[in-house]
There are 2 protein chains.
Amino acid sequence: MAENAGPAANETLLFLTDDQIRKGIEAMFFAYRGFTADPDRILAVQGYGRAHHRAMHFINRSPGTTVNNLLAILGVTKQSLNRVLRTLIEDGLVRSEVGTRDRRERHLYLTDAGAALEHELSTAQRDRMRAAFRQAGPEAVAGFRRVLEAMMDGDMRRHYVRFRETDS
Amino acid sequence: MAENAGPAANETLLFLTDDQIRKGIEAMFFAYRGFTADPDRILAVQGYGRAHHRAMHFINRSPGTTVNNLLAILGVTKQSLNRVLRTLIEDGLVRSEVGTRDRRERHLYLTDAGAALEHELSTAQRDRMRAAFRQAGPEAVAGFRRVLEAMMDGDMRRHYVRFRETDS
DNA sequence: CTTGGAATGTCAACAAGGCTGACATAAATT
DNA sequence: AATTTATGTCAGCCTTGTTGACATTCCAAG
């Protein structure tokens with residue numbers, strides 16, 4: 001792994017003190033609340049929760065994905081996901097199609113109504129993220145991404161990278 | 001607020017495209033899982049959850065804090081927090097002392113056992129954060145913090161800043 | 001071809017931890 | 001004395017995690 005070999009390597013190690021790390025941890029905690037606040041507000045009105053948002057986000061990202069696939073990405077049990085999917089399907093936001101090649105699989109798509117809600121949610125979340133990005137500047141954003149990627153578990157990083165490379 | 005006025009301002013606006021923002025959103029989602037994974041594993045063994053971790057973290061950060069104070073930081077209802085605090089007090093991890101100046105208040109402290117568990121949890125979390133910081137480098141870390149701070153809600157930023165400036 | 005296992009998805013029941021509402025108590029404030 | 005504030009508690013609800021049991025479908029070994 002290519003270690004950072006910048007100038008004044010001795011001095012810059014200050015960024016690894018427990019105190020700096022602790023600040024990072026608290027920043028992560030408080031920021032994540034902001035990250036989910038806007039979609040949560042919208043969802044509460046409709047009687048949905050964060051789990052519905054996550055499902056719709058990733059169905060939108062890869063239409064036709066299977067339940068199993070979604071399971072691996074979301075990192076929950078199939079039973080948990082199923083409850084969420086059931087309500088989304090009942091409410092006409094998600095469409096589930098039996099696979100043609102393998103009839104055990106269900107391929108998931110957003111309906112028009114589902115796409116509309118997903119768009120509303122993701123717009124709210126994107127607006128805040130965009131404001132933060134603009135305020136912090138492009139170099140900060142690059143660093144933000146770099147740290148987050150290094151923080152992911154191996155499995156999650158695989159999913160993330162797969163998405164990152166899709167339709168770059 | 002001082003807008004970024006770096007060189008090639010035209011070109012660098014590319015970092016604000018919807019696609020870049022979406023990558024940031026997904027990075028945040030996947031990274032937060034890694035962020036909580038290690039403490040969650042430890043907590044599961046003891047029958048506690050993330051809520052207990054958060055309470056202990058902030059009691060450790062400001063010993064003697066009141067219930068009301070903790071409520072504002074954690075952003076939950078008193079009923080929710082009380083359930084968690086009750087079990088922590090019953091199990092001898094947290095001590096609650098009636099205030100001397102204002103006897104309505106309860107001041108919260110970690111017991112030795114509580115401090116030990118808190119330390120175990122925060123060590124696990126810090127280790128991962130430190131690894132990510134080291135891998136990403138000091139400039140990336142600065143950017144990471146900058147973006148997260150810009151992402152916080154106003155109230156949360158107030159709490160964060162208060163902590164950040166305490167015993168810097 | 002049949003049969004047994006593996007993969008996939010569904011239903012039921014439970015627990016953690018959010019939430020609201022109502023209420024009690026004690027202390028401080030007016 | 002009356003009101004407000006800080007805290008705790010009870011009851012009940014919702015979302016979203018969990019396990020266990022089960023149905024369906026596919027595939028591969030006999």
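Below, read A as the first sequence line, B as the second, and so on, with proteins coming before strands; counting in each chain starts at 1.
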Using heavy-atom distances to pick each residue's nearest nucleotide on DNA chain D, tell me which of A/T100 and A/H52 is more 5'.
A/H52
Rounded to whole Å, please give me the gap between CD in A/E97 and P in C/dT8.
18 Å
Measure CG/B/L71 against P/C/dC19 and give the value in whole Å, please.
9 Å
Using a cut-off of strictly less than 4.0 Å, decide whether B/N68 has a side-chain nitrogen or oxygen near OP1 or OP2 of D/dT7.
yes
For residues A/M152 and A/R158, determine if any side-chain heavy atom of one lies less than 4.5 Å from a side-chain heavy atom of the other.
no
Could you check A/R54 against B/R83 and say which one's nearest nucleotide on DNA chain D is further toward the 5' end?
B/R83
Return the value, rounded to whole Å, for the distance between atom CG of B/L74 and atom C1' of C/dA16.
16 Å
How close or far is atom P of C/dT29 from atom CD of B/E105, stated in whole angstroms?
10 Å
Looking only at D/dT9, C/dT10, C/dG18, the nucleotide nearest the B/V76 side chain is C/dG18
Whole-Å distance separating the CG atom of A/L43 from the P atom of C/dG18:
18 Å
Could you state the NE2-P distance from B/H107 to D/dT7, rounded to the nearest angstrom?
8 Å
Are any side-chain N or O atoms of B/T17 and backbone N or O atoms of B/L14, one a donor and one an acceptor, separated by less than 3.5 Å?
yes
Ring-plane angle category for B/F29 and A/F58, please: parallel below 30°, perpendicular beyond 60°, tilted otherwise.
tilted
Would you tell me if any nitrogen or oxygen in the side chain of B/R86 comes within less than 4.0 Å of OP1 or OP2 on D/dT9?
yes
Is there a donor on the side chain of B/R104 or the base of D/dT5 sitting less than 3.5 Å from an acceptor on the other?
yes
Nucleotide D/dA23, atom C1' - distance to CZ of A/R103 in whole Å:
14 Å
Taking the minimum atom-to-atom distance to the side chain of B/V67, which one of D/dG17, D/dT7, C/dT10 wins?
D/dT7
Under 4.0 angstrom between A/T77 side-chain N/O and D/dT18 OP1 or OP2:
yes
Can you measure B/N82 atom CG to C/dT20 atom C1' for me and round it to whole angstrom units?
15 Å
Would you indicate whether the side-chain heavy atoms of A/D40 and A/F35 approach each other to under 4.5 Å?
no
Report which part of the nucleic acid B/G99 touches: base, sugar-phosphate, or nothing (heavy-atom distance under 4.0 Å, all strands).
nothing
Residue pair A/A27 / B/R145: nearest heavy atoms and the distance that separates them:
CB-CD, 4.4 Å
Counting distance alone, no hydrogens or angles: does the base of C/dG18 have a donor or acceptor under 3.5 Å from a partner atom on the side chain of B/Q79?
no
